[in-house]
Amino acid sequence: MSHTVLVQWTITPTIAPRPWLACNRCRTTRPFQTSGKTRLNANGRRLDAWLIYRCGSCDSTWNRPIFERRHVGDIDQATLHALQNNDDGWIEKVAFDIDGLRRDAGRVEEFAEFRLRKTILKAAVEPAQHLEIALNLEMKTMLRTERLLSMELGLSRKRIAVLEQTGRISMTPSGKNALRRPVKDEMRVTIDLASEADRNAILSRAGP
Ligand SMILES: [Zn+2]
């Protein structure tokens, strides 16, 4: 018998990170954005694949390497199939791969915009007193946990700070300043709402 409501929040970032690159035509550094298109080039049995970005101000392009001079036998079938069919879902994953983009571009601008889907995994035995949120991230985001909780549960930063100081918010994995770090896949946040007068309102905002 548990007085905990367990919900799942699935977070999907909506704006792909943008590399800032020297644009030849603009003669200055500009943000480039993904065109959502890839280019595949064959040279005998060796293949090159790129994701095409465009300058935000002119039409100059930048080819971000997905792989270069790779033997066709060393490329897995799913990747090859995605590239040959311009698979949007697969291309999106590459576009949101911020670590890969950083390796290729250096300076990268990130965004915190996201879409959120809430589902209730387990209802509580009344009275509900605790809220447990299982986070599911489809792509990396710079969205901070504190901001997410504040926006989605209608709690002020100050109130979240009080809950934190009194040990009523806990996170796994835990860590110093965890609330002020970006949300991560498979993170769990538990909030003890037993002494919050408006807990039912908070709990209803946690669900769909
Ligand atoms: Zn330009």
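From a predicted model like this one, the values you see are computed outputs, not experimental measurements. Both counts, for ligands and for their atoms, begin at 1 and track the order of listing.
- Listing protein N, O or S atoms at distances below 2.8 Å from the Zn ion (ligand 1), with waters left out, gives Cys23 SG, Cys26 SG, Cys55 SG, Cys58 SG.
- With sequence neighbours excluded, no residue forms a salt bridge (Lys or Arg N to Asp or Glu O under 4.0 Å) with Glu138.
- With sequence neighbours excluded, no residue forms a ring-ring contact (aromatic ring centres under 6.0 Å, His included) with Trp9.
- Sorted by first then second residue, the salt bridge (charged side-chain N to carboxylate O under 4.0 Å, His left out) pairs that include residues 60-76, not counting sequence neighbours, are Asp48-Arg69, Arg64-Asp97, Arg64-Asp104.
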**Report entry** Worked verdict on Lys118 versus Glu152 for salt bridge (Lys or Arg N to Asp or Glu O under 4.0 Å)
**Finding:** CA-CA 10 Å; Lys118 298 169 178 169; Glu152 297 302 323; 3.0 Å; yes

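- Judged purely by distance below 3.5 Å, without hydrogens or angles, the side chains of Asn43 and Arg46 never pair a donor atom with an acceptor atom.
- No donor-acceptor pair under 3.5 Å is formed between the side chain of Lys37 and the backbone N or O of Tyr53.
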